[in-house]
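This is a predicted model, so every value here is computed, not measured. Residue numbers count from 1 along this sequence.
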Amino acid sequence: MNDFVFINRLMQREELLSTTEKRIADFIKNHKTDMSKMGISDISKKAEASNASVSRLITKLGYSSFGEFKAMISREDTYEEVGEKSEKNVTEIISNYYSQLTKSASELLDINDVSEVVNGIKKAKQVLICGIGNSGLTAIEFKYRLTRMGINADALTDPHMMMMRTSLLNKDDALIVLSNSGKTPAVLKTCEVAKNLNIPVYAITNHDYTPLIDYTDIVLFTSQKAMIQDEKFINSQLATHFVLDIMTYTLLNDATYLEKRVKTLKLID
């Protein structure tokens with residue numbers, strides 16, 4: 001975490017922050033380019049907080065000092081604000097957003113954890129993938145990818161079915177859950193059922209220190225669209241798909257999976 005950019009530090013520790021510290025963090029996030037000119041007193045005044053609150057936030061986010069915070073945030077990439085004055089066309093805007101999200105996701109992702117999840121998938125007799133809403137659609141996409149490799153996989157998006165189906169798994173199976181917030185009640189209950197049966201649980205989520213973390217064996221952290229300060233950009237699953245692409249690519253390094261995928265795809269050409 002010592003090398004993380006500000007937004008990723010914030011996502012990882014957001015659940016540990018007080019209301020005041022979150023307000024300060026929002027101010028910093030929205031005025032990153034001004035940080036090099038500001039001291040603690042300037043930030044506290046504009047964020048309507050105390051100097052001590054600013055200092056506590058800096059410490060909680062893993063910076064050794066305010067000086068290190070300023071030095072590191074000043075080296076982060078800055079992007080033009082997209083608004084009426086921007087000369088970029090929409091293609092350039094979205095391309096820029098994609099670049100920001102995938103770069104952030106790359107920083108958060110631990111490739112050793114990816115390898116462990118991939119090995120868990122390979123060893124499992126069956127893989128159940130669960131998610132609600134948009135995460136549910138992504139779960140279905142991953143199911144199809146695994147199925148085309150010859151892996152016994154299924155995806156569920158209905159809260160009751162998720163819990164019931166999980167109750168029929170055993171320790172030789174695997175559960176993968178997708179939850180951006182890490183607080184989705186149905187997903188948490190499903191994970192609880194799995195843990196009571198000693199079933200391996202793997203999660204893809206945005207935040208650390210959430211209830212989901214307590215139920216999981218391995219967590220793959222990824223970035224969230226909230227880092228993009230544009231309400232017109234609504235893609236909440238891009239970073240999760242980025243992680244799934246990495247997992248898929250790693251699985252297809254196995255010649256058997258690659259051969260089966262080619263074979264199944266030829267049938268629908």
Side-chain angles (χ1 to χ4, degrees), residues 1-90 92-110 180-183 205-210 213 219 221-236 238-239 242:
M1 180 168 171
N2 289 341
D3 297 325
F4 283 8
V5 297
F6 177 80
I7 190 64
N8 282 344
R9 290 172 185 259
L10 179 57
M11 282 194 299
Q12 289 288 283
R13 298 293 180 92
E14 192 169 18
E15 295 300 316
L16 302 179
L17 305 182
S18 67
T19 301
T20 298
E21 289 163 349
K22 288 179 180 178
R23 185 172 69 249
I24 299 168
D26 284 340
F27 172 78
I28 294 172
K29 183 171 64 177
N30 294 326
H31 299 84
K32 279 177 60 179
T33 56
D34 299 326
M35 288 301 110
S36 61
K37 310 168 192 172
M38 301 179 73
I40 287 181
S41 297
D42 299 315
I43 297 173
S44 62
K45 182 177 180 180
K46 292 182 179 295
E48 299 180 350
S50 66
N51 290 359
S53 294
V54 176
S55 295
R56 279 194 297 271
L57 171 66
I58 297 304
T59 300
K60 284 186 179 181
L61 295 185
Y63 297 101
S64 62
S65 65
F66 183 73
E68 181 185 60
F69 157 74
K70 287 186 64 173
M72 292 188 71
I73 204 168
S74 67
R75 292 198 296 267
E76 293 180 14
D77 291 339
T78 56
Y79 298 86
E80 289 182 63
E81 289 187 5
V82 179
E84 294 181 357
K85 296 181 180 180
S86 175
E87 296 180 357
K88 292 184 177 181
N89 63 42
V90 68
E92 293 173 314
I93 291 169
I94 301 303
S95 177
N96 187 7
Y97 289 167
Y98 274 33
S99 295
Q100 291 184 58
L101 281 166
T102 54
K103 181 176 180 180
S104 176
S106 295
E107 182 180 86
L108 288 167
L109 196 61
D110 186 327
N180 289 336
S181 69
K183 300 176 182 178
T205 188
N206 295 154
H207 301 284
D208 203 350
Y209 304 100
T210 63
I213 305 304
V219 182
F221 291 108
T222 190
S223 52
Q224 60 173 330
K225 76 178 185 68
M227 69 177 290
I228 306 297
Q229 301 296 297
D230 186 343
E231 63 183 6
K232 297 189 294 296
F233 183 73
I234 61 173
N235 191 331
S236 65
L238 175 66
F242 176 74

Worksheet item: Hey, mind stepping through Gln100 and Ile228 against side-chain contact (heavy atoms from CB on, under 4.5 Å) and telling me if it holds?
Response: CA-CA 8 Å; Gln100 291 184 58; Ile228 306 297; 3.8 Å; yes
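- Contact detail for Ala47 and Phe27: the closest heavy-atom pair is CB-CB, 4.1 Å.
- Between Leu101 and Ser223, the closest heavy-atom pair is O-OG, 2.9 Å.
- For Glu21 and Lys60, the salt-bridge test passes: some basic side-chain N is under 4.0 Å from an acidic carboxylate O.
- Atoms CD1 and NZ, from Ile234 and Lys232 in turn, are 12.0 Å apart once rounded to the nearest 0.5 Å.
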Practice prompt. Would you check, one step at a time, whether the test side-chain contact (heavy atoms from CB on, under 4.5 Å) holds for Ser181 with Thr205?
Written response: CA-CA 7 Å; Ser181 69; Thr205 188; over 6 Å; no
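- Taking the charged nitrogens against the carboxylate oxygens, Glu15 and Lys183 do have a contact shorter than 4.0 Å, which makes a salt bridge.
- The closest side-chain heavy-atom distance from Phe6 to Leu10 is below 4.5 Å.
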Discussion item. Please determine whether side chain to side chain donor-acceptor pair (under 3.5 Å) holds for the pair Arg56 and Thr59, giving the CA-CA distance in whole Å, both sets of side-chain angles, and the decisive distance to 0.1 Å.
Written reply: CA-CA 5 Å; Arg56 279 194 297 271; Thr59 300; over 6 Å; no
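- Within the 3.5 Å criterion, the main-chain N or O of Ser36 finds a donor-acceptor partner in the side chain of Lys70.
- Looking at Met38 and Lys46, their side chains come closer than 4.5 Å, going by heavy atoms from C-beta outward.
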Practice prompt. Decide side-chain contact (heavy atoms from CB on, under 4.5 Å) for Ile93 and Tyr97; before the verdict, give the C-alpha distance in whole Å, the side-chain angles of both, and the deciding distance to 0.1 Å.
Written response: CA-CA 6 Å; Ile93 291 169; Tyr97 289 167; 3.6 Å; yes
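- Distance check, rounded to the nearest 0.5 Å: CD of Glu76 to NZ of Lys103 gives 8.5 Å.
- Heavy-atom minimum distance, Glu107 versus Phe4: OE1-CA, 3.2 Å.
- For the pair Arg9 and Tyr63, the cation-pi criterion (under 6.0 Å, within 45° of the ring axis) is fulfilled.
- Heavy atoms only, all atoms of each residue included: Phe242 and Ser106 are closest at CZ-OG, 3.2 Å.
- Listed for the Gln12 side chain is no donor-acceptor partner under 3.5 Å among the backbone atoms of Asn8.
- Lys32 approaches Ile73 most closely through the heavy-atom pair CG-CD1, 4.0 Å.
- The pair Lys29-Asp26 meets the salt-bridge criterion, since a charged nitrogen lies less than 4.0 angstrom from a carboxylate oxygen.
- Inter-residue side-chain proximity for Ser104 and Met11 is flagged as met; some heavy-atom pair is nearer than 4.5 Å.
- Here the CZ-CD1 distance, from Phe233 to Ile94, works out to 5.5 Å after rounding to the nearest 0.5 Å.
- The CG atom of Asp42 lies 10.5 Å from the CG atom of Asp34; values are rounded to the nearest 0.5 Å.
- The side-chain heavy atoms of Ile40 and Ser55, taken from C-beta on, include a pair separated by under 4.5 Å.
- Ile43 and Met35 make their closest contact through CD1-SD, 3.7 Å (heavy atoms, listed as atom of the first residue, atom of the second, distance).
- A 4.5 Å side-chain heavy-atom check between Asn180 and Gln224 finds every atom pair outside the cut-off.
- In this structure, a donor-acceptor pair under 3.5 Å is absent between the side chains of Ser44 and Ser41.
- Residues Leu57 and Phe69 have side chains not in contact (no heavy-atom distance under 4.5 Å, counting atoms from C-beta outward).
- Using a 4.5 Å heavy-atom cutoff, the side chains of Leu108 and Thr222 are not in contact.
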